Visitor: 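Structure incoming, see below.
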Amino acid sequence: MKKSGYVLPNLGSLWMLVAALGFAIMGALVKLGAQKFSSAELVFYRSLFGLVFIGLFIFYKKLPLASPVMYKQMSRAGVGFTALILFFYAIAHLPLATAITLNYTSPLFLAIFMPFFLHEKPKKTLLIALAIGFVGVSLLLKPTINQSQWLAGFLGLLSGIGAALAYVHVKQLGQANEPDWRTVFYFTLVSSVCAGAWMLFDHFHALVWLDLPILIGLGVSATIAQLALTRAYRTGDTLVVASLAYVTILLASIIGVIWWQEHLSLDAWIAIGLIILSGVISIRTTR
């Protein structure tokens, strides 16, 4: 689209960059918050902020919460909550870029799940992408993670599997004509309740005023990132937007170097590059 002799930028791409920055900041705040709070507590505060925000939107618009596929909403919320817990645990115990990269293996697992859940046959190009991706995962885990971090690495990889399953649920809910806001509401509701119950039976750290900037920042950055992500997919080219999601890894790497002096080895950077390449190929193949 042209106006006054200038080509307007792809707004969807710009919104995706905003989302990438938001998710990178969220990851950094999770790592900061993990010095005091458990993963369940961080998920609770992150989800509670989103629940209040979407709840006010639903109340203002007087939108109906009843769903004809409530079982699928609960299943998606449960899978999403589990993936989020695993992701936050990985961020707390691994270099920020490594944890986010493991979570961003979700397109690879989504490609594996497609024939079983969505009845879509993957193309040969997608199989090549899967091979590249899993070479990258193996390379990232082996030289980068020491023996004490293997559990966190494994759980980070499981968070990628959980995220892929959540995407499958979202796809199925979309096919059932469920609105996005209802799906987000039940996800944040279930996450808040489950994480809150976990806190009661595990560890609960009393809040002090100094904690509020981190927790509020966590909720705000996650909510802005999610809204920007939604707007990006609605206004931009789907393939370009999905590919730009990997900018989050680059931004997280920069934050990790500046804030925590995290320096990844050459093997780790090659592995991250392979995972990003395989993810982009997967996205462009599956459309």
Side-chain angles (χ1 to χ4, degrees), residues 19 23 26-27 30 38-51 54 65 67-92 99-120 122 130 133 137 151-199 201-202 218-219 222-223 225-226 229-230 233 242 245 248 279 282-283 286:
F23 284 127
M26 182 200 75
V30 167
S38 66
S39 297
E41 288 174 301
L42 292 172
V43 168
F44 172 76
Y45 293 120
R46 177 252 186 266
S47 302
L48 183 63
F49 187 93
L51 178 61
I54 193 69
L65 289 174
S67 171
V69 286
M70 186 61 75
Y71 70 95
K72 182 62 70 175
Q73 287 284 11
M74 292 296 103
S75 176
R76 182 266 180 267
V79 169
F81 166 70
T82 303
L84 196 58
I85 282 279
L86 295 174
F87 181 38
F88 280 20
Y89 182 90
I91 289 176
I100 290 181
T101 302
L102 290 172
N103 182 258
Y104 272 57
T105 56
S106 53
L108 310 182
F109 293 108
L110 181 59
I112 294 174
F113 296 151
M114 281 170 53
F116 304 101
F117 295 103
L118 301 177
H119 308 293
E120 297 177 15
L130 289 174
V137 169
L151 176 60
F154 176 68
L155 295 181
L157 195 58
L158 283 182
S159 77
I161 298 175
L165 286 173
Y167 295 151
V168 170
H169 281 75
V170 169
K171 174 83 171 179
Q172 293 171 336
L173 287 167
Q175 292 171 344
N177 296 318
E178 280 290 276
D180 295 343
W181 54 263
R182 189 182 291 157
T183 300
V184 173
F185 173 80
Y186 284 115
F187 167 60
T188 54
L189 175 64
V190 169
S191 295
S192 298
V193 171
C194 292
W198 190 333
M199 287 164 54
F201 291 100
D202 188 18
L218 172 60
T223 301
Q226 197 64 53
L229 181 71
T230 303
Y233 277 106
T248 304
S282 299
I283 291 165
T286 57

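Computed from a predicted structure; not experimentally measured. Residue indices begin at 1 and follow the sequence shown. What's counted below: heavy atoms across the whole structure, side chains too, no hydrogens, waters or symmetry copies.
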Visitor: Considering residues at least two apart in sequence or located in another chain, which fulfil the side-chain hydrogen bond (donor to acceptor under 3.5 Å, both in side chains) criterion with Thr248?
Guide: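 So Thr248 forms a side-chain hydrogen bond (donor to acceptor under 3.5 Å, both in side chains) with Tyr104.
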Visitor: Between Tyr89 and Leu151, what is the shortest heavy-atom contact and its length?
Guide: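 It is OH-CD2, 3.8 Å.
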Visitor: Can you give me every donor-acceptor pair (side chain of residues 72-86, partner residue at least two apart or in another chain, under 3.5 Å) with its distance?
Guide:
from  : atom 1 : to     : atom 2 : distance (Å)
Lys72 : NZ     : Gln172 : OE1    : 2.8
Gln73 : NE2    : Glu178 : OE1    : 2.8
Gln73 : NE2    : Thr183 : OG1    : 3.4
Ser75 : OG     : His169 : NE2    : 2.7
Thr82 : OG1    : Gly78  : O      : 2.9

Visitor: So, do Leu65 and Trp181 sit near enough that their side-chain heavy atoms are less than 4.5 Å apart?
Guide: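 A side-chain contact under 4.5 Å exists here.
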Visitor: Mind listing the closest non-hydrogen atom pair of Phe87 and Ala99 along with its distance?
Guide: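 It is CE1-O, 3.9 Å.
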Visitor: Working to the nearest 0.5 angstrom, can you tell me the gap between Leu155 CG and Asn103 CG?
Guide: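 Going from CG on Leu155 over to CG on Asn103, the span is 12.0 Å.
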Visitor: For Leu48 and Ser192, work out which heavy atoms get closest and say how close.
Guide: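 Where Leu48 meets Ser192 most closely, the heavy atoms are N-OG, 3.3 Å.
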Visitor: How far does CZ of Phe88 sit from CD of Glu41, to the nearest 0.5 angstrom?
Guide: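 Spacing of CZ (Phe88) from CD (Glu41) equals 12.5 Å.
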Visitor: For residues Ile161 and Phe113, determine if any side-chain heavy atom of one lies less than 4.5 Å from a side-chain heavy atom of the other.
Guide: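 A side-chain contact exists here, since the closest heavy-atom pair is under 4.5 Å.
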Visitor: Got a second to check how far Trp198's CH2 is from Ser191's OG, nearest 0.5 Å?
Guide: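 One finds 11.5 Å between CH2 of Trp198 and OG of Ser191.
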Visitor: Could you report the tightest heavy-atom contact between Thr105 and Gly160, atom names first, then the distance?
Guide: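 In this case the closest contact between Thr105 and Gly160 is OG1-CA, 3.9 Å.
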Visitor: Nearest 0.5 Å please: distance from the CZ atom of Arg46 over to the OG1 atom of Thr223.
Guide: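 Separation between the atoms: 6.5 Å.
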Visitor: I'd like to know if the side chain of Tyr167 and the backbone of Pro107 have a donor-acceptor N/O pair within less than 3.5 Å.
Guide: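 Checking the backbone N and O of Pro107 against the side chain of Tyr167, no donor-acceptor pair under 3.5 Å is found.
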Visitor: Closer than 3.5 angstrom, by distance alone: can the side chain of Ser47 be matched with the main-chain N or O of Phe44 as a donor-acceptor pair?
Guide: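 Here the side-chain-to-backbone pair does not exist.
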Visitor: For Leu42 versus Leu218, what's the shortest heavy-atom pair and its separation?
Guide: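 Heavy atoms of Leu42 and Leu218 come nearest at O-CD2, 3.7 Å.
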Visitor: Under the rule for ring-ring contact (aromatic ring centres under 6.0 Å, His included), what residues qualify as partners of Phe49, not counting sequence neighbours?
Guide: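 Scan of Phe49 (ring-ring contact (aromatic ring centres under 6.0 Å, His included), adjacent residues dropped) gives none.
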